[in-house]
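Only one structure is covered here, and it is reproduced in the block below.
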Amino acid sequence: MQHAEKYKPMYFPAPDRTFHWVTKDHIEKPPIWCSVDLRDGNQALITPMNLEEKIEFFQLLVDIGFKEIEVGFPAASETEYEFCRTLIEQNLIPDDVTIQVLTQAREHIIKKTFEAIKGAKQAVVHLYNSTSVAQREQVFKKSKEDIIQIAVDGAELLQRLTKEDGGNYRFEYSPESFTGTEMDFALDICNAVLDVWKPTKEWPTIINLPVTVSHSMPHVYASQIEFMSENLKYRDGVVLSLHPHNDRGTGVADTELALLAGADRVEGTLFGNGERTGNVDVVTLALNMYSHGVEPKLDFTDLPSIVAKYEKVTRMRVYERQPYAGKLVFAAFSGSHQDAIAKGMLWRETHDCDKWTVPYLPIDPKDLGREYEADVIRINSQSGKGGIGFLLEKTYGIRIPARMREEVGYAVKDVSDHAHKELQPREVLEVFKEKYVNICDPVELLEVHFKQQDGIRTEVTLKKNGVHKVYHGQGNGRLDAVSNALMRHSDLSYTISTYEEHSLQVGSNSQACAYVAIEGEDSYIYWGVGIDDDIINASVKALISAVNRYSR
């Protein structure tokens with residue numbers, strides 16, 4: 001990079017003081033949320049939403065729980081105007097939801113905006129004009145006094161038209177490009193507007209301080225917000241609002257620190273859609289609060305469904321690593337991660353845990369409508385024994401013995417490695433069955449009978465190399481008797497080192513699953529698994545599976 005000298009850091013030359021936000025370590029309550037998806041988000045789309053799509057998106061925002069929704073810039077296009085009128089005329093706005101409309105501080109635009117909201121039960125009229133040094137000098141070529149007059153004239157017109165219309169409207173003012181504005185001037189212009197509106201606690205005004213373009217580190221924005229919060233007139237009647245963009249990738253951090261600094265309200269979009277690098281991501285903000293034990297007052301309990309609707313109407317895609325919402329954000333491919341998650345889940349099952357502390361999962365995926373089996377433990381060549389065992393148990397009820405898990409892990413990873421792909425749960429099950437379950441070559445179990453005589457005697461009917469044969473054996477238990485029969489009629493010699501069993505599901509009709517490990521003369525351990533409706537048959541099939549694998 002050769003030209004860094006043409007840029008300079010942005011900072012707030014505040015008085016020598018300690019800002020109170022520095023002493024706070026968490027957000028105690030959610031802000032007032034305002035979605036700007038239908039205005040700021042929509043204008044950033046390659047193909048803006050049509051009327052039907054905007055209505056569908058509006059209903060989604062209502063279902064999520066937004067009580068304030070900026071529905072558009074009615075004077076900007078016929079679609080924007082028609083959408084606003086449709087919401088009002090078709091009575092699509094719930095009584096507890098307030099729509100918000102944006103207007104520049106220009107007379108004909110303000111009048112068109114009031115035409116659009118006529119008949120609304122309640123609305124916020126959002127007035128703005130740009131105040132930054134760059135905009136004043138390069139775009140408008142106006143003095144500070146001229147810029148203040150534009151804002152004051154707009155504020156007075158809003159007040160007059162509201163009185164004439166008799167509508168239940170509240171006002172919002174934004175000094176656009178706030179973060180590029182001298183703080184004393186930003187304060188002067190906001191106070192000039194407030195002097196027109198004279199808000200009270202019962203009839204509050206929104207002062208919105210946007211990060212129209214992100215210039216500074218997050219702590220600078222927080223200090224600017226605290227300065228404004230402490231010096232604005234009519235503070236008890238002011239709802240201090242934030243509208244951060246994400247040019248520096250710090251939109252969430254800007255907002256969280258600014259909330260600590262005294263802000264009351266946040267304007268943002270689902271998944272951060274917006275101009276350039278986007279607006280602040282409301283989903284991330286809300287779920288960050290949720291992960292700290294704060295109820296955000298927005299419902300993301302079925303986040304996959306929200307993602308699907310959002311992608312449908314916006315034609316945007318939620319990135320796989322998008323916080324909380326991405327398809328891979330809870331996915332663990334790494335063996336060590338999978339093992340830790342599996343052990344953490346087991347810990348929760350065996351301990352009385354009132355707080356969520358599972359390693360690598362900052363939030364319980366199930367709280368967002370995600371499934372452990374499909375979304376968390378993902379199997380590829382990087383996976384480990386813990387994750388593969390967890391997946392087989394949670395998805396299919398197969399509880400692989402601890403001593404067997406490493407071998408099964410290598411078997412599954414080997415298949416994934418050679419195929420160069422992730423394995424789905426059914427594919428993992430297929431690998432497990434093919435290598436270990438009910439192996440019937442070269443020997444297949446046909447029948448087995450037992451009689452208690454001098455311990456246990458057995459008669460085993462097998463098909464060996466295509467020929468039916470009856471073997472007899474005796475032992476101190478059923479499995480020992482069958483094992484002795486197999487060794488008596490073959491040249492194999494081994495000892496049974498492990499036997500475990502369990503049912504695959506809860507209930508009387510559940511199949512039984514048995515695991516047998518034998519140690520051969522070569523000192524290697526050979527595992528076999530038997531699954532059958534009868535536990536005795538399952539255990540014998542597990543033994544024969546292990547012997548078949550040994551004989552190969």
Side-chain angles (χ1 to χ4, degrees), residues 33-64 66-94 97-130 154 157-158 161-162 165 167 169-172 174 176 208 210 212 243 245 267-276 278-280 282 306-318:
W33 299 107
C34 176
S35 163
V36 293
D37 289 270
L38 293 167
R39 197 276 303 171
D40 208 342
N42 184 58
Q43 74 184 34
L45 298 176
I46 296 172
T47 304
M49 289 177 274
N50 60 34
L51 178 61
E52 291 72 23
E53 289 167 337
K54 293 192 80 169
I55 291 173
E56 184 175 355
F57 203 157
F58 179 81
Q59 186 57 56
L60 172 64
L61 295 170
V62 170
D63 292 343
I64 289 170
F66 285 98
K67 301 303 180 186
E68 296 184 5
I69 301 172
E70 190 166 85
V71 296
F73 195 145
S77 73
E78 190 58 34
T79 300
E80 297 281 285
Y81 184 89
E82 183 185 1
F83 173 55
C84 190
R85 294 308 310 156
T86 300
L87 290 176
I88 296 168
E89 292 169 5
Q90 295 188 13
N91 198 28
L92 299 176
I93 308 167
V97 172
T98 299
I99 60 168
Q100 177 172 303
V101 286
L102 184 70
T103 177
Q104 292 174 330
R106 300 171 67 185
E107 183 175 353
H108 71 286
I109 294 178
I110 291 173
K111 288 182 176 179
K112 181 74 171 179
T113 302
F114 271 77
E115 291 174 16
I117 60 173
K118 190 173 183 62
K121 296 174 184 175
Q122 61 263 336
V124 170
V125 183
H126 182 182
L127 176 77
Y128 78 94
N129 67 313
S130 197
L157 184 55
L158 256 64
L161 292 177
T162 297
D165 191 53
Y169 307 147
R170 291 166 52 211
F171 303 146
E172 174 175 350
S174 288
E176 191 200 6
N208 187 56
T212 308
H243 184 111
H245 282 248
E267 294 185 348
T269 60
L270 298 182
F271 314 115
N273 177 43
E275 294 174 292
R276 303 180 306 280
N279 288 44
V280 69
V282 169
I306 293 171
V307 169
K309 290 180 181 179
Y310 167 84
E311 292 184 332
K312 172 190 170 188
V313 298
T314 66
R315 303 168 187 84
M316 299 284 284
R317 184 175 68 85
V318 174

Over all heavy atoms of both residues, which pair between [X] and [Y] is shortest? Give the atoms and the distance, please.
X	Y	value
Val124	Phe171	CG1-C, 4.4 Å
Lys54	Val71	NZ-O, 3.5 Å
Ile109	Thr113	O-OG1, 2.7 Å
Thr79	Leu51	CG2-N, 4.5 Å
Gly274	Ala44	C-CB, 3.3 Å
Val313	Met49	O-CG, 3.2 Å

For a 4.5 angstrom cut-off between non-hydrogen side-chain atoms, does [X] reach [Y]?
X	Y	result
Ile69	Val62	yes
Phe58	Leu38	yes
Glu80	Phe83	no
Asp63	Gln59	yes
Arg315	Ile46	no
Val282	Ser35	no
Leu61	Lys67	no

Does any N or O in the side chain of [X] come within less than 3.5 Å of the main-chain N or O of [Y], such that one atom is a donor and the other an acceptor?
X	Y	result
Glu267	Cys34	no
Glu53	Asn50	yes
Gln100	His126	no

State which residues pass side chain to side chain donor-acceptor pair (under 3.5 Å) with Arg85; sequence neighbours excluded, sorted by chain then number. Glu89

Could you work out, with side chain to side chain donor-acceptor pair (under 3.5 Å) as the rule, every residue matching Glu107, not counting sequence neighbours? Lys111

I'd like to know whether Asn129 forms a side chain to side chain contact (heavy atoms under 4.5 Å, CB included) with Glu176, so could you lay out the CA-CA distance, the side-chain angles of the two residues, the decisive distance to 0.1 Å, and finally the verdict. CA-CA 6 Å; Asn129 67 313; Glu176 191 200 6; over 6 Å; no

Hey, could you give me the [atom1]/[atom2] distance between [X] and [Y], rounded to the nearest 0.5 Å?
X	Y	atom1	atom2	result
Phe73	Thr103	CZ	OG1	5.5 Å
Arg106	Lys112	CZ	NZ	14.5 Å
Arg39	Leu102	CZ	CG	4.5 Å
His243	Thr212	NE2	OG1	7.0 Å
Asp37	Thr269	CG	OG1	5.0 Å
Leu60	Leu270	CG	CG	6.5 Å

Side chain to side chain contact (heavy atoms under 4.5 Å, CB included) evaluation trace for Ile93 with Leu87: CA-CA 6 Å; Ile93 308 167; Leu87 290 176; 3.9 Å; yes

Salt bridge check, Glu56 against Lys312: does any charged N sit closer than 4.0 Å to a carboxylate O? yes

Derivation of the side chain to side chain contact (heavy atoms under 4.5 Å, CB included) call for Phe114 and Val125: CA-CA 8 Å; Phe114 271 77; Val125 183; 4.1 Å; yes

Does the cation-pi check pass for Lys309 over Phe57, that is, NZ or CZ under 6.0 Å from the six-membered ring centre and within 45° of its axis? no

Is the closest side-chain donor-acceptor distance between [X] and [Y] under 3.5 Å?
X	Y	result
Gln122	Tyr169	no
Ser174	Asn208	yes
Glu275	His245	no

Sorted by chain and residue number, the ring pair (Phe, Tyr, Trp, His ring centres under 6.0 Å) partners of Phe271 (sequence neighbours excluded) come out as Tyr310

Glu82 and Thr86: CA distance, side-chain angles, deciding distance, side chain to side chain contact (heavy atoms under 4.5 Å, CB included) verdict: CA-CA 6 Å; Glu82 183 185 1; Thr86 300; 4.0 Å; yes

